[in-house]
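What follows is a short report on a single structure.
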Amino acid sequence: MQGEQHYLVGLDLTGKRVVVVGGGSVAQRRLPRLVASGARVEVISPEITPTVQGLVDAGEVVWHDRVYRSGDLDGAWYVLACTSDHGVNALITADATERRVFCVRADVAVEGTAVTPASGAHGGLLLGVLAGGEHRRSAAVRDGLLAALRDGTLADHHDQPAGVALVGGGPGDPDLITVRGRRLLARADVVVADRLGPVELLDELPPHVEVVDAAKIPYGRAATQDFINTTLVENAKAGKFVVRLKGGDPYVFGRGFEELIACAEAGVPVTVVPGVTSAFGVPALADVPVTHRGVAHEVVVVSGHVAPDDPRSLVDWSALAALRGTVVILMGVERAARFADALRAGRPGDTPVAVVQEGSTRAQRVVRSTLDTLGEDVVAHGIRPPAIIVVGPVAGLASELPFRT
Ligand code: SAH
């Protein structure tokens, strides 16, 4: 049968018996959406994958641990024949047809009486694409539609978001923003952006979008934050959807919660979209796992914006010096030597250190050092902010990987 001759329909399977014969990878792929539809799903198979077992253990599907028998389809509304045996699949399809129950046949789709569309979900929409059994074609079109909906190329006028979205944009590479962040950005009327984060995405915004570049606001630090808060609140109150695009995660040294408080006090609704924080994402890009089994059981993320002995510091550096695990320092380039000294009070001078400047961008640079030499290495290599300093044995693991150097 050709795809265009199928009749595309949405089934309400709530509380209805659906029989899936087979418990392998095909069944495994179909089950989550069936379960989500509210169907009473029964799996018949002498073997099931660990993932299917997980659904059984969670009570989401019922498992009959045996081979298929003809009576199994009694009372079923929908059947999926997903065994690896053509003869059994043919028998199931014939039994289903006799009972006038639609049956998907996984091995030879055209032999079944129903086919599963390539499907996807987006903000309350369900998409299904059929291409007469050409799976690659239907999957490619589905992927394209989802991508277009997510980045806003394909307008979905259903619910224009309101208020303010605090969006964590990731460390800088535009590919490292979350799907949700990207989707909300595409709907923004106003974008308030930081210097750090995926600034390239701003070029893609349509011309009517107003971009406020927080890096160019000509006040001091505190006044700038007030200006940002006021910009968020006033635009949202004027009915515009405001995206506050921040580097990394909004709540990791990002002052995001101050912005949330300002909005909350003004009665402006806020959506928080977490991001890939540079504290963890940037080390990863330099082959530094912030934890590693048998090496580090802890990771502490520290702000280096004030020196260890600064009265404003809230960090107990002597406690950090007593740790064996990983210390990740943000905003620490200028005072790198001071932090190294503070940590050397308790940690060996040859403790590995990795410094990653402008991680995830084309300008990314990595310097491998130790606590003893960090101060001079930072100067010698001309390291400038933004950079991450990772201290601990994990920072030395990459040098043990000959094929990555
Ligand atoms: N909210 C951000 C951090 C803001 S503080 C996050 O979660 O990532 C700013 C500091 O983050 C910088 O001084 C630097 O230490 C670090 N940083 C942010 N982006 C970075 C990047 N691409 N490469 C290296 N360090 C980065």
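Order of listing sets the numbers, starting from 1, for every ligand and every atom in it. Sequence positions, counted from 1, serve as the residue numbers for this chain.
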**Q.** Close-range residues for ligand 1, whose non-hydrogen atoms fall below the 4.0 Å threshold
**A.**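 For ligand 1, the contacting residues are Pro171, Leu196, Gly247, Gly248, Asp249, Val252, Phe253, Thr277, Ser278, Val282, Leu330, Met331, Val356, Glu358, Gly359, Pro386, Ala387, Ile388.
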Q) With a 4.0 Å cut-off, would you call Arg335 and Asp309 a salt bridge? A)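 Here Arg335 does not pair with Asp309 in a salt bridge, since their nearest N and O are not under 4.0 Å apart.
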**Q.** Salt bridge present between Glu298 and Arg324 (N-O < 4.0 angstrom)
**A.**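 Salt bridge flag = no for Arg324 with Glu298.
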**Q.** side chain to side chain contact (heavy atoms under 4.5 Å, CB included), paired with Val56, selected from Asp65, Leu31, Ile48, Val43
**A.**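 Among Asp65, Leu31, Ile48, Val43, the one meeting side chain to side chain contact (heavy atoms under 4.5 Å, CB included) with Val56 is Ile48.
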(Q) Which residue is it: Asn235, Thr231, Val191, Ile228? I am looking for the one with a side chain to side chain contact (heavy atoms under 4.5 Å, CB included) to Val212. (A)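 Between Val212 and the candidates, side chain to side chain contact (heavy atoms under 4.5 Å, CB included) is satisfied uniquely by Thr231.
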Q: Give the intermediate values and the outcome of side chain to side chain contact (heavy atoms under 4.5 Å, CB included) for residues Ser399 and Arg368.
A: CA-CA 9 Å; Ser399 59; Arg368 317 248 173 214; 5.7 Å; no
Q.
Keeping Lys240 on the side-chain end and Ala188 on the backbone end, is there a donor-acceptor pair under 3.5 Å?
A.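 Not confirmed, Lys240 side chain does not pair with Ala188 backbone.
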